[in-house]
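Provided herewith is a single structure, encoded as structure tokens, for subsequent inquiry.
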Amino acid sequence: MAETTTFSNATQVLEPFKGVKKVTIEEYFSSGHRTCQGCESALVMKLMVKAAGPRTIVLGSTGCMYVANTTYYSTPWVVPWMHTQLGSSGSAALGTAAGLKALMKKGKMKAEPINVIAFCGDGGGADMGLGAISATLTHKEYNSLILLYDNESYANTDIQVSGSSPYGAHTTFSPPGKVKRIMHTRWKKNTAGMLAAGHPECRYVATVCASYAVEMMNRVRKALTLGGPTFIHSLDPCPKGWDYDPMLSHELGELAIESGIFPLYEVEDGVLKYYGKTKAIVEGRPRKPVREYLLKQGRFAHFTEEDLEYFQAKVDQMWDKWEIPGVVCFRKDVEAKA
Amino acid sequence: MTVATQAAPAAAQEQEMLISGSEAIAEALTLADIDVVTAYPIRPYDTVMQAIAKKIANGQLVAEYIVAEGEHSQFEIVKHASTVGARVFCGSSGVGWAYAMECLVVTPALRVPLVAMVGNRALDDPGAFGVEHNDALFVRDLGWLLCWIDSSQEALDTTLIAYRVAEDRRIFLPIAISADGAFLTHSQAITKVPSKSLVEKFLPPYNRGDLQLHPDNPITVAPQVNEDWVIEIRRQNNAATERAYTVIEEAYADFRRVFGRGPENPWFEEYMTEDAEVILMGMGTLSLPVKVAIRKMREEGKKVGLIRLRWFRPFPYEQLAEALRKAKAIGVIDRDYSFGSPFGSGVVATEVRAALYNAEHRPPLIGFICGLGGREVTLEDVYKTTEICYSAAKAGKTERATYWLGVRE
Ligand SMILES: Cc1ncc(C[n+]2csc(CCOP(=O)(O)OP(=O)(O)O)c2C)c(N)n1
Ligand code: SF4
Ligand SMILES: [Mg+2]
């Protein structure tokens, strides 16, 4: 069968929302879910699909945003939605996009740009599914967005440590004990930086935080507009896993940015741009001390002064020692050997 | 047996080609106009992906050809492509099939009509390229329909039939076509390749209907159901598998009508069984040495026949009980193992035993494990099998339930 000439790799052109009052009123993620009170990830789902609009297919890997969101008979998804396996967000995005492309190219389906978004948690994306995401980011002829909602644990299975959990966090697999105060000694994986650095043809990688809702939605819109495979990493405060009053979700998101723990940036066609409060930090505004952020969360309640200092020193390194501050962890210079 | 029911002989619309089993499948995929195919290298199934890649590179087939980064992704990608309405193909061998296991589990549960090829291969460790059937058999309880083929012609025909059956709305289940590594994947034979217009008479386009994932049909697929619904959903899967008995028979009948060839009995091939005292059974290419041995033994007056099982899921237990009714002894040659199974038999022998449990006539049944890792099944092996079956027939019982054949001590 010949390829029809009408088909192109076109995407939907989604202009940025110019301020909160210009955001569309329609919801595509509505009632019917049963996430915890104050769940930031549920907000991310809502904003993500609001930004994408109705001509969108969403795929979701196993995790809280599957289990707590789509109880049979009460789906909150107004757009078509499908489950994918824990490590399969990359493959779900690629397969869905490839299916649509083939059918449209061969005249078996009406040609139109349909957004394909696959989301994953930090466990599903930064740990198990990293290989599949990486592969998808090399397939530039298929348009899709992979959104990693990072609540910094395997939350759905009772809050276990993941490669994206912060140093020292108390999880059910890393409980502080009498002999070992710190069970989780690994530093958080730098997922967005790694994916941006490792995929030269991926047109867009961004980090977002839903505490800055319009900024976040506009990054989703930009990713979908640019097309090809794109990636967004969202930091999502999780009252259950982080152990704080649900009222504080928004504030904790802000503190993560203001303390420099989670930098906000986008890499568009290889060009890095910091934005929001992170931009101010890069331009010299002092970072808030990490203790302001850490001590509001029960998962760090066992931290001693020494632990707080260690954490602060590691974050300082991100800004003072990294070749590209907060983004790429190559060192600027060889440190003097003691 | 062939039935010519058409005025214009279909033969005129077929072209003969010298091709391997893998190449024959690629011809069928081109005729079926598949939309998305995913590849990952592992011998021996990869020959089919090489053949498809050439078809695409030469413009004979338009399809998205995606080289995945592992078999898990390979099977997930086509699973998702199928849910938006694309006709898909995939495959693997041995540990590659094992690597995809999670996706093999969800594909029938999601009622995705994927057609896959398994180039049967021994599992690691230790490393071996040769054939064993344990890989494809992993999924026998999960809603996959499973069949084994033994020639390039059957490879081509069964691929077309597989799409017809899998994509039938009464079924919507994946089908794995098993081809013995090397013996079939790599060996060539003269094969009839039909014209596209003939194939279109047999195979309608894939229509996912109200299960299609598309903004015009905003459904939620595979929500969390827990104990509220899962058993009902399992029963629906089981019902679809049971409907496959009818749908497969219909598909073969229609195949014969359109192409003027193809087997009358979809489930198994019977070779010299009419008067057979000893019936040997097995799957795949071991039919070749067994048939040669049977012809030789017949010259000596031994009434031996072969039943080569094509479909393992659904398992044709009623048809088999009928076909084995007159046998005095049955010898099932398994090219697989099932450690710790009843009587230490292979998988097929165990299934046949179960199929006969309620039968009126239950001849002695002996299991033989043979040809593992691609070791040749020799004429000597078959003679020995027959000998053991004959003494069981005489005694009216089995001395031993399972033998390993052709094994160095
Ligand atoms: C292959 C596989 N292994 C383990 C699980 C169990 N499991 C279900 S949800 C989940 C947590 C996933 O964590 P993450 O991706 O971070 O999402 P979250 O639950 O935090 O939203 C796990 C481990 C699974 N579903 N599949
Ligand atoms: S555990 Fe965390 S991510 Fe999961 S629903 Fe609750 S708040 Fe949301
Ligand atoms: Mg998580």
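Every heavy atom of this structure was used, including side-chain atoms; hydrogens, water molecules and symmetry mates were not. In the text below, chain A, chain B and the rest are named by the order of the sequence lines, each starting its count at 1.
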Item to check | Side-chain heavy-atom pair A:L145, A:F231 within 4.5 angstrom cut-off | outcome: no
Checklist entry - Is the number of heavy atoms from other residues, nucleotides or ligands under 6.0 Å of B:R43 CZ greater than 12? => result no
Checklist entry - Which atoms of A:T138 come close to chain B, meaning under 4.5 Å heavy atom to heavy atom: side chain ones, backbone ones, both, or neither? => result neither
Checklist entry - Which residues in residues 24-45 of chain A have a heavy atom less than 4.5 Å from any heavy atom of chain B? => result none
Next on the checklist: Tell me every residue that passes salt bridge (charged side-chain N to carboxylate O under 4.0 Å, His left out) with B:D216, counting only those two or more places apart in sequence or in another chain.
Outcome noted: A:R55
Checklist entry - Does some side-chain heavy atom of A:P229 sit less than 4.5 Å from a side-chain heavy atom of A:Y204? => result no
Checklist entry - In terms of ring plane angle, is the pair A:H139 and A:Y142 parallel, tilted or perpendicular, where the classes change at 30° and 60°? => result tilted
Next on the checklist: Using only non-hydrogen atoms and a strict under-4.5 angstrom cutoff, which residues of residues 81-91 of chain B touch chain A?
Outcome noted: B:A81, B:T83, B:V84, B:G85, B:A86
Checklist entry - Just checking, any donor-acceptor pair under 3.5 angstrom between side chains of A:S162 and A:D122? => result yes
Item to check | Side-chain heavy atoms of B:F202 within contact of B:I161, under 4.5 Å | outcome: yes
Next on the checklist: Regarding B:D135 and B:R121, does a basic nitrogen lie under 4.0 Å from an acidic carboxylate oxygen?
Outcome noted: no
Checklist entry - Is B:E167 paired with B:R208 through a side-chain N to carboxylate O contact shorter than 4.0 Å? => result no
Checklist entry - Is it true that the side chains of B:H80 and A:S91 contain a donor and an acceptor less than 3.5 Å apart? => result no
Checklist entry - Checking A:V79 against chain B: side chain, backbone, both or neither under 4.5 Å from a heavy atom? => result backbone
Item to check | Between A:T136, A:I114, A:N115, A:L86, the one whose heavy-atom pairs under 4.5 Å with chain B are most numerous | outcome: A:I114
Next on the checklist: Check this for me: does any side-chain nitrogen of one of B:K79 and B:E76 sit under 4.0 Å from a carboxylate oxygen of the other?
Outcome noted: yes
Checklist entry - Does the distance from a Lys or Arg side-chain N to an Asp or Glu carboxylate O, for A:K189 and A:D150, drop under 4.0 Å? => result no
Checklist entry - So what's closer than 4.5 Å to chain A heavy atoms on B:I219: side chain, backbone, both or neither? => result backbone
Next on the checklist: Can you confirm whether A:E201 is buried at CD, in the sense that more than 12 heavy atoms of other residues, nucleotides or ligands lie under 6.0 Å from that atom?
Outcome noted: no
Checklist entry - Mind checking whether B:V199 and B:D33 have side chains closer than 4.5 Å, heavy atoms only? => result no
Checklist outcome for this item: The residue among B:T159, B:I171, B:L203, B:I175 that forms side-chain contact (heavy atoms from CB on, under 4.5 Å) with B:R164 is B:L203
Checklist outcome for this item: Most heavy-atom pairs under 4.5 Å with chain B, out of A:S134, A:G87, A:G99, belong to A:G99
Item to check | Residue selection (most heavy-atom pairs with chain B, distance under 4.5 Å) from A:V67, A:T71, A:V58 | outcome: A:V67
Next on the checklist: Can you tell me how the ring of B:F75 sits relative to the ring of B:W144, calling it parallel under 30°, perpendicular over 60° and tilted otherwise?
Outcome noted: perpendicular
Checklist entry - Between A:T96 and chain B, which part of the residue has a heavy atom less than 4.5 Å away: side chain, backbone, both or neither? => result both
Checklist entry - Which bit of B:H72 comes within less than 4.5 Å of chain A, counting heavy atoms only: side chain, backbone, both or neither? => result side chain
Checklist entry - Is there a side-chain contact between B:K196 and B:T30 (heavy atoms, below 4.5 Å)? => result no
Next on the checklist: With a 4.5 Å cut-off on side-chain heavy atoms, are A:L100 and A:M104 touching?
Outcome noted: yes
Item to check | Residue B:I233 versus chain A: region with a heavy atom under 4.5 Å | outcome: neither
Checklist entry - Using a heavy-atom distance cut-off of less than 4.5 Å, which residues of residues 95-106 of chain B contact chain A? => result B:E102, B:V106
Next on the checklist: So which residue, A:A93, A:A92, A:A135, ends up with the most heavy-atom pairs under 4.5 Å with chain B?
Outcome noted: A:A92
